[in-house]
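Residue numbers run from 1 in the order of the sequence given. Both backbone and side-chain heavy atoms feed into the values below; hydrogens, waters and symmetry mates do not.
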Amino acid sequence: MNPDRTDKLIMSLMRKSKRASRIIEEACGEAYEMGFNSGLVQGAKINGKKYANKVKKALKGQYKA
């Protein structure tokens, strides 16, 4: 689907706004991280539930300093 004039106008306004571009960047980063974490858990389930629980626990504490 090709964007029409109003869509192009809205996209250009959003690109010019620093706040809107920052929000979009943060949202994309958070979505990537959520997908990565769920992929790790799904991959760990192949080795068993005990291993998957260890991975979940490690992911919960990944940002603790």
Side-chain angles (χ1 to χ4, degrees):
M1 181 178 135
N2 293 330
D4 58 353
R5 288 183 183 177
T6 57
D7 292 338
K8 288 181 182 180
L9 176 68
I10 292 170
M11 287 188 289
S12 67
L13 290 173
M14 288 178 70
R15 283 189 200 129
K16 290 179 184 176
S17 171
K18 290 181 182 180
R19 180 175 284 183
S21 64
R22 193 175 334 123
I23 290 171
I24 292 170
E25 287 177 15
E26 291 292 325
C28 290
E30 187 173 340
Y32 175 82
E33 188 171 326
M34 288 170 57
F36 182 78
N37 289 347
S38 66
L40 281 177
V41 173
Q42 288 292 329
K45 285 183 181 178
I46 295 171
N47 295 328
K49 188 173 183 179
K50 186 176 181 180
Y51 184 68
N53 288 338
K54 286 182 181 180
V55 170
K56 283 182 189 177
K57 186 177 180 181
L59 289 175
K60 281 184 182 178
Q62 72 186 18
Y63 291 118
K64 291 182 180 175

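Not a single side-chain contact (heavy atoms from CB on, under 4.5 Å) links Asn2 to another residue, sequence neighbours left out. Annotation: side-chain contact (heavy atoms from CB on, under 4.5 Å) contacts of Tyr32 (sequence neighbours excluded): Phe36. Legend: residues meeting side-chain hydrogen bond (donor to acceptor under 3.5 Å, both in side chains) with Glu33, ordered by chain and number and at least two apart, are Gln62, Tyr63. When the side-chain hydrogen bond (donor to acceptor under 3.5 Å, both in side chains) test is applied to Thr6, the partners found at least two apart in sequence or on another chain are Asp4.
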Distance-only donor-acceptor hits, side chain of residues 43-51, under 3.5 Å, sequence neighbours excluded:
none

When the side chains of residues 17-29 are checked against the rest of the protein, which donor-acceptor pairs come out under 3.5 Å, sequence neighbours left out?
residue	atom	partner	partner atom	Å
Ser17	OG	Ala20	N	3.3
Ser21	OG	Ser17	O	3.3
Ser21	OG	Lys18	O	2.9

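Taking CG from Asn53 and NZ from Lys57, the interatomic distance works out to 10.0 Å, rounded to the nearest 0.5 Å.
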